[in-house]
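Quick notes on the structure that follows.
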Amino acid sequence: SASSAPPAESDEPTSANVYLYQKPVTFNPLVAGLGAEALTMSLVYDTLYTTDPEFAYQPRLAESWDVSDDATEYTFHLRDGLEWSDGEPLTADDIVYSFNLYANPATASIYASRLAGVEGYDEFKAGTADSLSGVEAVDDQTVKITLKAPNAGFMSLLVGSFFILPEHVLGDVEPAALPDDEYFTLPDVGAGPYTMKEFNVDQDVVLEKNDNYRTDVGIDTLYLKMLTSDVATAQLATGEMDLVQLSALDLGAVEGLPGVTVSSKPSAGFLRLLVNFEKFPDELVRQAFLTAIDREGIIDGVLSGYGQPINSTIMTPWALPDDLDTYDYDPDRAKELLEEAGWDFSQEVKLTWIPGTRDRDQSVEVILENLKAIGVNAVANQIESAAQLPMIENAEYDLMVSGGGTYTTDPAASVAPLSCATVYPAGGNTSLFCNPELDALMAEGQQIADPDERAEVYQEAARVDNENVPYLWLYVPDTIWATSERLKGFEPHGDFTNGFWNAADWTISE
Amino acid sequence: MSLTETATQVVVDEEAKRLPKELSPDQLARRRFYRNPTAVIGVIVLAIIVLASVLAPLISPYDPSAIDLESIRQPPSPEHLLGTDSTGRDVFSRLLAGGQVSLSVGFLAAIIAVTLGTLAGVLAGWFGGITDTVISRIVDIMLSVPAVLVIIVLAGVIGPSVPLLIGIIALLSWPSSARIARGVVLSLREEEFVQAARVLGSRSGYIIRRHLVPGVLPPVVVSATILVAEAVLLESSLSFLGAGVQPPQSSWGNMLNEAQSLTVLSSMPWLWVPAGLLIAATVLSAMAIGDGIRDAIDPRKNK
Amino acid sequence: MLRSLTTRLSSSVLVFLLVAVGLFTLVRLAPGDPIDMMVPPEVDGADREAYTTALREKYGLDQPIFVQFFRWFGGLMVGDLGYSYSNGQPVGQLLADRLGPTILLMGSALLLGLLIAIPGGVLAAVKRNSIADYTISTVSVVAIAVPSFFLGMLSIYIFAVRLRVLPSAGMHGSGRTDVGDLLYHMVLPVCLLGLAIAASLIRYVRSGMMEELSKDYVRAVVAKGAGPARVLSHALRNSLIPLVTVIALSIPGVLAGAVVLEQIFAWPGMGQLAIASLTNRDYPVLIGFGLYIAVVVLACNLIADLLYAVVDPRVRTAK
Amino acid sequence: MNRMPLSTTRSDAALSLRGVTLDLQTPSGPVRILHDISFDVAPGEVIGIVGESGSGKSMTALTVLRLLPPGAELSGSIQFSGRDLASLSSRELREVRGKHIGMVFQDPMTTLDPVVRVGAQIDEAYRIHHRRASHAEVRRRTIEMLELVGVPDAAQRAQQYPHQWSGGMRQRAAIAMALVNDPAVIIADEPTTALDATIQAQVLDVLMRARDELGVAVVLITHDLGVIAQTASRVVVMYAGRIVEVASTHELFADSRHPYSNALMRSQPGAHERGEPLVAIPGRPPSMTDLPLGCAFAPRCASPYKNDRCFAERPELELSIDGRLSACHYRDVRQEVIA
Amino acid sequence: MTTVNHTATAAGDAPAVLRVEDLKVHFTSAAINGRKRTVYAVDGVSFTVRENETLGIIGESGCGKSTTGRALVHLNDPTSGRIAFRGHDITRPGRAEQHELRQKMQFVFQDPQSSLNPRMTIQEILAEPLRAFGRWKGNSGPAKAAELLDRVGLPATARNRYPHEFSGGQRQRIGIARALALDPELLILDEPVSALDVSVQAQVLNLLMDLRASSSLSSVMISHDLDVIRHVSDRIVVMYLGVIVESGPADQVLDQPAHPYTAALASATPPSSPDEVRQRIVLQGELPSASNPPSGCRFHTRCWRADEVCETVVPVLSPIDGAGVRSVACHHPLLLGMPAMRREGAA
Ligand SMILES: Nc1ncnc2c1ncn2[C@@H]1O[C@H](COP(=O)(O)OP(=O)(O)OP(=O)(O)O)[C@@H](O)[C@H]1O
Ligand SMILES: Nc1ncnc2c1ncn2[C@@H]1O[C@H](COP(=O)(O)OP(=O)(O)OP(=O)(O)O)[C@@H](O)[C@H]1O
Ligand SMILES: [Mg+2]
Ligand SMILES: [Mg+2]
């Protein structure tokens, strides 16, 4: 639960400067896809629950929740006395209203499909129903979500988006007109710890504390500043900045700075190589590639040690067995594997990536050298970001660098990148990988509500995945934060789009 | 033969003996150039840089792309003269390899641009009329196109690569050479020796070859040196904006880019100072040579 | 005068249209579908399809390319540059929002550049081959030879990080909107851009002055018994005439420099927008930006011609 | 033989040059452009300077007001109303320039500032030396001067820019500018060379009227012997940076003493019957950087008296027995027509 | 030394080499302010050049002398009129015809400094016309160059040197040698000596007179220097603002001008001796512009004899003496035999 922050020591208004690593465009949670937008919205809007730095669920609007034994009914109990920033009460109706918006085909929300398992979704989508029957307000403070089929991992789908919107403000707007509504350019009514006062294009977002928030908010004004990371780092040194998410490369610059604290957490993201399943169906080849890559070396060299290797597409700690093959760096072994697979060493292997991110660029350089070292005819192939998806769709790549998001919260999230049914463009399986055995295990895990049983099934799935090497997993980088001396109460979160999860607790002391 | 003529003949011969041989405008220009210390230093510096880059495969102590994760970001040492970068590659070797890229971008782009530009300018200036109108219009349009933006867009379209960079820089640079060449030809056209050539029955091809091109060459060479300097600078700026030479291929531009990181800027000077110095030295030498030639061929500076 | 203005204007319009067509074609040659960029990868399956189709329709990308062109062109004729792919805002609006800061940056830098270049160039020309001349030449050559992004980084490091006398980036301090704060934030980017401008202009001023000073009329002014100030004012006035054109022609270069510096100093102008729309493949914004530059260049040329006539009586009073 | 006949300044001279020697800085070192130039100009006199292109005529003119390129080294004296212009400070010199000595340059197309109205340029010449003059007074003076040199509609024409004036009118404006402060001397460097014959006649007319009406002394530089014949009373002949002869115009045309002057006179077509071969001077003047040891003219000299001495020893500008000034070893021998 | 027989009528009956009839050359240019402007550089000029004759064209700057000369060798395109060379119309020759014509008519430029390419040796310069007609053969070439140099009084050793090594007069002689390389029948000389120092111009004038004596070469000599023209030409035409105002034997026209302009021009020319007494006619007014010539007689704005007729009626060039040798275009010609203009005291 949120600890109440100590009130500001003096009447002097306090403010903090926070680095925003991207430029937000819209604050419409139905369609917003940028990390910086999510960060900003997490200050302005609230959600039912979120995750803490250990990726455990953390109550927010919902004080608690119950899950039915068959994992089909989720009941959320809201806190007492919730209010919007304009003083209006926040009730279960707002929650139902919001979920309906996400599911409503008219709003074209990019998150709609996450609610596909909810009862009534298909009807709503097809236009035969005018609301999402699976989400209902039991009373003012209780919301019940009913699923069509058991899904023990359902809650993980709602993390990171599904901000609750004020029905009393937006209720009269036609859902179809909602995406273009002016409210979203400067949402001034929200349930988050802050309300947005200004949005200065390419400069900053000015947030003022929400006096009607459920706890006392520690800092009066937040400035989210859009800069380059270099400048932001520099400003940390000049005192113009209080909170910066850093790249490992810039660590050196801030570590020596007086009064700057560096903290880190393993992130929710990772770097992997897509390995085209259609071109490399032989798992020996994929294993060989993985063995050839000096992942520890990359972590130590490129990330200055701020990262962890991964060995499975399933990443939730409790779903991982201890006996996974770690594919330690071993060029000789890699070569043997290739020879065993009857690899044609004259075959060109293109390593495709979108240049521009320093740690990726450097990792690519290492990987290319590693592959060449075992005799693979590896060549670099740089592309523009727009060219990436068509290339995947047409299976035109060999190896492709690809980042990825939150699979950590629940192993169910790993279905999309793995199952035969979701091979791109049908879904997020960008390696075009298919293994029915693995599909069966993943499906089984989704039906089981009991944590221990679930863990067992998923651990088995992880073993299969580990042996199959559907992706060449590289590493999970740590998310590194640097804070100034003035800023207190910051707790680092590995999911950088959720980095401001406890912003209400931050305070400033000069 | 009349007395005056005989006298003249004697004097011509006498003069030949008595007076030191007068220098032709070209010889004078050459002498003025060699007496200009800045220009001569420019030639020497540029020659050294070019030579080092050409001989890079022979003098590089390491393979420029060989990574060594054991020794990353090492300061200069006897093994690594200029230290190593963040994947442990030898900075000195990369500098030499980068020179090959940066200099070929600079020189090839300039050569192509100048050749194209001279050709277009000479044709426009000599034939005039519709040829001139069309070429001049194209030149005007090309000059109003923002180079950096076009390069970024095209690099996005075709995918950034060194040949593309050279091609586009050349394509965007030829108008300036064309303007210069056209201007010179327009004034040469009015020179009596060119008009004389027409009256004497010489054809356009001969006039262009014997009279126009030699006259156009010196100012065009000046513009070429400036183009080299500009292309080298452009390459580095484009690398900064992410549309230049792409890693792992090294170029001075993207090596200098390392300085974007405050850490590198403040505590790893060996990663960017040499690249920065080489860019500056190349650009300065090219400009000094250009200035030297310009001063040397400027008729107002006699003797 | 009027007649020449109309010919110039119509040829400018022609060039503008050609640039427009060229940009449209160029941008459409790009691989990849901008719609793909708009739909986050986590949207998959049938949803993705529906979403994609809807967007395609919304932006008219489902039409054949020439239909798209004529639509776009028709819009252009009435000042409608279309909508940004990445945020759906009108392109004209996006550009307009960022015009102010860019003009502020470029304008002040140009002013500063002239304030440095003119006295500097005059000094160098008058004290030809003196220490002052060599110093000025060297500084200007070095300023040209060092890439501006690098100077930008270096100056942030020195003035903001080390000495802490100037802000490192942005247009305003947090929560400040006053002019003093604005000026304070302008110091570094304006100085750097101004220096770059001055570095290239100073050579023109110097050689222009030297040329004028060697002309007969200057000698005639000296022969009248005029002091140095009077002599210089005659030469300066004449050497400024060609400078007008040089300045106009240097505007694209200034813009390119501004793009780079805006990027470094997080200056909320057109440059940042351009770079962002490049990475986002935001074609309408890109084209809008290209057209904006074309307009700036053509307008500057036109203004230069007019100014030329104002400062040069030979053109003004031609019968 | 009389050495240095001009060693003392004639007290009545308006301007008097003595031993003026000029070195210019060139990239390949200093070059002596003028050697020991001495001559006088009397008030109201027109003295002509003739000579081949590059012989130093213009440099002589510029030297008087020290309008020299940077690095020029000047020695000798230039006496003007009791002051030595060669040693005045630049401030004092400015007082003389344009006020006491006016200057008219060769090319009327380039001697006026193209972006300043003609009237304003003449105003300026007056105002520089009459700081307290009112605007109206200055303008009145300008119009007066323009009328004096024969510009019709002076008041209206003064409002125009130089390019709106024809070459002849511009040259008249330049003369007006030189006369505006009532100078004692006007130095005119080839004032009519760039003009058409009929216009040249007009401009020379203006100059001569100024001499007659205002009594100014005129130093007239030209390479046109016809102009000299028509206007000058005395002539200085220059060759390769030296004076080779000084004579009255009549003497020079009738009986020149230096072989160069002599050949020059006789190379003019007007002095010959139609179709008759002209006297040509073969070769070309020596380069200033590389003057021969002896007489600079010796290599081209066709005088029957030319001998080794001419190549070995430089003749000084001295008086001959009959009182004529020339720089030739054989000045006492009457130069014969070389046939 | 050769002396030439200079009777005015010597060439009078000889066949015409070149006949020019009503030649007009107009230039239309876009002025700075965008409006078109037409310069009537040559506006109806007719004359004949006979075999072995030197025709002088005289007039002030901008009156169209050069344009006329250049039109003859098609350096300027005639706007209208007719040019006939030995009876053939060559007003608008085809490419091949023009190429052939180059061998018959040659041109000598004003500035010997600029008319020789400083980057070529004398031999290359002389070879240029021969190469253009395939007449430069390996062995005979240098010999031909030496022969040409000999004709203009330069040693064969000059061949391998560059133009800057010669004096102005020598350079102009090289220019003439180059023009002679193709053995032309007609030589057009545009101010061949006006860029030269007086002492050097004599070299060139002497050469021209020698050439005429030794070969049957017709020439058109353009100059603004009356003394030069008088010295070398048989007949002269006087031009004013694009038209011919007077023509006739050189001595007669210059000594006894019939047209007031010729008279003014002759009197404006400084005498070659201070003792010569000359009644000077100083004209009023400036030269009008060729783009806006005065109506009627073009000289009326400056003429002291002008009346209303002159302002409106264009005078025609017509004979004024019985023999038809002299013509003038004037409503009020000066009486022939007026002594005032005579040169007195000339050697
Ligand atoms: N700024 C200068 N630096 C060096 N030498 C110069 C400079 N100006 C002129 N000279 C040289 O001085 C000499 C005399 O030049 P000057 O202009 O006085 O000749 P001039 O008799 O006036 O010739 P012209 O008849 O061509 O005007 C020439 O040899 C010329 O090359
Ligand atoms: N190519 C051209 N375009 C436009 N106008 C021209 C051109 N050539 C000559 N003119 C004009 O034609 C007129 C006659 O010129 P031309 O050169 O024939 O005169 P000129 O008698 O030879 O004069 P000068 O004595 O100065 O050589 C002048 O007004 C000149 O400005
Ligand atoms: Mg001179
Ligand atoms: Mg002419």
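Bear in mind that the values here come from a model prediction, so they are computed numbers and not experimental data. Just so we're on the same page: letters track the sequence lines, and every chain starts at 1.
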Heavy-atom side-chain contact between C:Gln272 and A:Lys23 under 4.5 Å
yes
Which bit of C:Gln263 comes within less than 4.5 Å of chain A, counting heavy atoms only: side chain, backbone, both or neither?
backbone
Contacting moiety of C:Pro167, where chain A heavy atoms sit under 4.5 Å
both
Any side-chain heavy atom of C:Ser168 within less than 4.5 Å of one from A:Val231?
yes
Heavy-atom distances under 4.5 Å only: say whether C:Leu94 touches chain A with side chain, backbone, both or neither.
neither
Interatomic distance, A:Thr233 atom OG1 to C:Ile156 atom CD1 [nearest 0.5 angstrom]
11.0 Å
I need the C:Leu163 CG to A:Thr238 OG1 distance, nearest 0.5 Å.
12.0 Å
Which heavy atom of A:Asp202 sits nearest to which heavy atom of C:Gly269, and what is that distance?
OD2-O, 3.9 Å
Please answer whether the main-chain N or O of A:Ala237 pairs with a side-chain N or O of C:Arg164 as donor and acceptor at a distance below 3.5 Å.
yes
When the 4.5 angstrom heavy-atom criterion is applied to C:Arg162 and chain A, the contacting part is neither
Could you look at A:Val201 and say if it's the side chain, the backbone, both or neither that has a heavy atom under 4.5 Å from chain C?
both
Which pair of non-hydrogen atoms, one from C:His172 and one from A:Lys225, has the smallest distance, and what is that distance?
O-NZ, 3.9 Å
Please flag which part of A:Ser15 lies under 4.5 Å from any non-hydrogen atom of chain C: side chain, backbone, both or neither.
neither
